[in-house]
Amino acid sequence: MQVYVYRNEEQVAQAAAMIFASQISAKPNLVLGLATGTTPIPTYQRLIAMNREGLIDFSQVRSYNLDEYVGLEPNHPASYRYFMNAQLFDHVNIDKANTHVPSGLGDVEKNAEAYDAAIEEAGGIDLQLLGIGHNGHIGFNEPNPRAFIYKTNVVTLTPSTIQANARLFEKEEDVPRQAISLGIGGIMNARRIILLATGRGKAQAVRDAVQGDITPLLPASILKAHRNVQFLLDAEAASLL
Ligand code: GLP
């Protein structure tokens, strides 16, 4: 694991976007693993700008998002499909047919199984972008006292995650209690992982992930066992290291 500390979130975004640019130029049909949340938004804005400037070509890129809420239609403003369209896909030359977000509708168990199979068929994820939850979750893999969950699965969100994500809904009761998420195995199978964390609120989770033991109580701690992972942090997120 390599840890890079930048002065602010703009510099984190610039560094992340440069990694995307170099990987896509080396492999134009790169398979991206993408994340939602507030943290990657500046990176997506850099990618949009670089695409406009002709520095990144998304025409052959394929993408698989980490997660989606159970029960939200893709056109619900708080759904992760909606987020990805609004924050990135609508503004770059990616073919929407090549973008994938797990479906939280219908038979979600079946969707979960099909999602892993689809990623495998695409050749696996080349570059996985991650954020981190305050409790150390990655994707929607919440702390679990027993084990890391390997496959894409339906998860029950913790009260702290529901509370943290309530800002994107009208009221806390509207936040779905369940989500479908790429599992820890799916994340660890990615050839390269970059985790972004910004702000003081992430400092403890970052510290525990980087310096603590590997434990399913802090899902991001497993990343230490990956051979090609970089944490890109701003000074505040790195303040407890
Ligand atoms: C959600 C997402 C995660 C994300 C986390 C942190 O729970 N499922 O993928 O990393 O929130 O979000 P933020 O970047 O807004 O702090």
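A quick note: this is a predicted structure, and the numbers were derived from the prediction, not measured. Start at 1 and go down the list; that is how both ligands and their atoms are numbered.
At a heavy-atom distance under 4.0 Å, only side-chain atoms of Arg167, from C-beta outward, approach ligand 1. Within the 4.0 Å heavy-atom criterion, neither part of Tyr69 lies near ligand 1.
The shortest N or O to N or O distance between Asp67 and ligand 1 is below 3.5 Å. The N/O atoms of Thr161, backbone and side chain alike, include none that comes under 3.5 Å of an N/O atom in ligand 1. In terms of polar-atom proximity, defined here as any N/O pair under 3.5 Å, Thr36 makes no such contact with ligand 1.
Atom 12 (O) of ligand 1 has as its closest protein heavy atom Gly37 CA, 3.9 Å. If you check which protein heavy atom lies closest to atom 6 (C) of ligand 1, you get Ile132 O, 3.6 Å. Distance from atom 16 (O) of ligand 1 to its nearest protein heavy atom, with residue and atom name: Lys202 NZ, 2.6 Å. If you check which protein heavy atom lies closest to atom 14 (O) of ligand 1, you get Thr39 OG1, 2.4 Å.
Glu142 and Thr161 share a donor-acceptor pair across their side chains, judged by distance under 3.5 Å alone. Using a 3.5 Å distance cut-off with no hydrogens or angles, the side chains of Gln11 and Asp234 do not pair a donor with an acceptor. In this model, no donor atom of one side chain and acceptor atom of the other lie less than 3.5 Å apart for Thr215 and Asp213.
Ligand 1 places these atoms under 4.0 Å from at least one heavy atom of Gly131: 10 (O). If you number the atoms of ligand 1 from 1 as listed, the ones under 4.0 Å from a heavy atom of Asn165 come out as 1 (C), 7 (O).
Evaluation of the ring pair (Phe, Tyr, Trp, His ring centres under 6.0 Å) rule for Tyr44 yields no partner, not counting sequence neighbours. Legend: residues meeting side chain to side chain donor-acceptor pair (under 3.5 Å) with Gln230, ordered by chain and number and at least two apart, are Gln2, Arg192, Asn228.
Under a cut-off of 6.0 angstrom, the local environment of CD in Glu121 is sparse, with at most 12 non-hydrogen atoms contributed by other residues, nucleotides or ligands. The environment of NZ in Lys27 is crowded: more than 12 heavy-atom neighbours from other residues, nucleotides or ligands sit within 6.0 Å.
Residue contacts with ligand 1 include Gly139, since one or more of its heavy atoms lies under 4.0 Å from the ligand. Remark: distances from the non-hydrogen atoms of Glu142 to ligand 1 are all 4.0 Å or more. Look at His137 and you'll find a heavy atom under 4.0 Å from some atom of ligand 1.
Taking the six-membered ring for Trp, Phe89 and Phe58 have ring centres at least 6.0 Å apart.
Ring geometry for His76 against Phe169 counts as tilted: the plane angle lies between 30° and 60°, on a 0 to 90° scale.
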